[in-house]
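Below is one structure, written out as structure tokens; comments come after it.
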Amino acid sequence: MTTTRTIAVIGAGYWGPNLVRNFRASPAWDLVAVCDLDPARARQVVGDRSTVEVETSVEALLRRPDIDAVAIATPARTHASIALAAFEAGKHVLVEKPLADNPETAALMVAAAEAANRVLMIDHTYCYTPAVTYIRDALQSGLLGEILYIDSVRINLGLVQPDVDVFWDLAPHDLSILDFILPNGLDPQLVSASGADPLGAGKSCIGYITMPLASGGIAHVNVNWLSPTKIRQMVIGGSKRTLIWDDLNPQQRVSIHDRGVDLGIQAADLTERTAMTVSYRMGDITVPALSEKEALSAMAEEFAASIDEHRLPRTDGMAGLRVLSVLEAVTASLASSSAVEPRLAVEELVS
Ligand SMILES: NC(=O)c1ccc[n+]([C@@H]2O[C@H](COP(=O)([O-])OP(=O)(O)OC[C@H]3O[C@@H](n4cnc5c(N)ncnc54)[C@H](O)[C@@H]3O)[C@@H](O)[C@H]2O)c1
């Protein structure tokens, strides 16, 4: 039998209301409070006649014995201090992405969760979509074969953020998806990034990240705030099949293409060209049926299940830390105009 646990959401700005709505609707959770420095904002989210309480002090909220867990949807620079206080108070913690604003404080959060024997989960929302769950299963089952390349495009007319560049704003999504779907997670030996600021905003508004894959293939992420067309697409080329995920096409979000190139003998020079064997496979395209379940609802269920089953959640603190470690390497690569090894092994950071 599953237990209904109590939760409070901290932060009722742009994203917090989505957490409030999903925890309220989840049979696994009883939402008891919403906390924001601005009480009017919290009140607006819970509604005038709601029994969900409004709090303005995180300290007071964490002292409440009737709260099992908190979900933190405040700005990234505040995540660590709130999460550390929550573990101290014995609460389980869900944190919005990014886990923190730098890998060192994120590592402290991972260590504190372990010491307190509490769950630390990161809301890498895309990892709870039916499409990404399908893609992960497809990769793990070998449906695509060896991964040759991954191209991820996330471009649109975006708000130029005051505190972060386009990499820190948009790439956490692509990186968290790669971490989730790749059989060995996100573990690049090198990260190269190039950015451009053609409008003079003082930060990259267009960005490209390139990372070699352990299989010998390559992953590439393109993020852009200046594109008039919105594109959310990932192409994963495998030795057997290619998968295309177009998140803005509900009729055909994911398609599997049984098409590709097989290289047999390669010519060393022009005289050997006749001996070359290159064949093109032109097989079927299949479109799997996917449910339309809201990702945050599955995420809320997973948070409860990981607590009930005393296990790590599907997107744990280490996943958040791996993403931050690559983002930090992106920033270092931009500064040095060269490929950069992620600075510290993630394991070293938490030890
Ligand atoms: N998962 C996703 O797809 C997704 C999408 C958007 C934003 N986010 C993340 O959600 C988080 C919040 O982003 P946002 O755009 O909603 O920010 P926001 O600025 O709109 O809202 C933040 C809210 O937190 C409150 N707040 C700040 N410090 C507080 C404190 N110490 N105690 C209580 N309340 C406090 C503010 O008053 C504000 O209402 C960020 O980490 C962001 O990256 C995630």
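Whatever order the structure lists them in is the order used to number ligands and atoms, beginning at 1.
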- Using the side chain to side chain contact (heavy atoms under 4.5 Å, CB included) rule, pick out the option among D36, L37, I82 that qualifies with I10. I82

- Query: Restricting to pairs with a member in residues 160-188, which pass ring pair (Phe, Tyr, Trp, His ring centres under 6.0 Å), not counting sequence neighbours?
  - Reply: Y126-H173

- Message: Closer than 3.5 angstrom, by distance alone: can the side chain of S215 be matched with the main-chain N or O of I147 as a donor-acceptor pair?
- Response: yes

- Should side-chain heavy atoms under 4.5 Å link Ile, Leu, Val, Met, Phe, Trp and Tyr, which residues sit in the same cluster as L157? none

- When clusters are formed from ILVMFWY side-chain contacts under 4.5 Å, directly or step by step, what else is grouped with F303? I7, V9, Y14, W15, L19, V20, F23, W29, L31, V34, V45, V46, V52, V54, L94, V119, M121, Y128, L296, M299, I307

- Query: Does R253 come within less than 4.0 Å of E292, counting only side-chain N to carboxylate O?
  - Reply: yes

Are there any protein N or O atoms under 3.5 Å from the N or O atoms of ligand 1? List them with distances, or say none.
residue  : atom   : partner : partner atom : Å
ligand 1 : 1 (N)  : E96     : OE1          : 3.0
ligand 1 : 1 (N)  : T125    : OG1          : 2.8
ligand 1 : 16 (O) : Y14     : N            : 3.1
ligand 1 : 16 (O) : W15     : N            : 2.7
ligand 1 : 20 (O) : Y14     : N            : 2.9
ligand 1 : 34 (N) : L37     : N            : 3.3
ligand 1 : 37 (O) : D36     : OD1          : 2.6
ligand 1 : 39 (O) : D36     : OD1          : 3.3
ligand 1 : 39 (O) : D36     : OD2          : 2.6
ligand 1 : 39 (O) : R41     : NH1          : 2.6
ligand 1 : 41 (O) : T74     : O            : 3.4
ligand 1 : 41 (O) : H79     : NE2          : 3.2
ligand 1 : 41 (O) : K97     : O            : 3.0
ligand 1 : 43 (O) : K97     : O            : 2.7

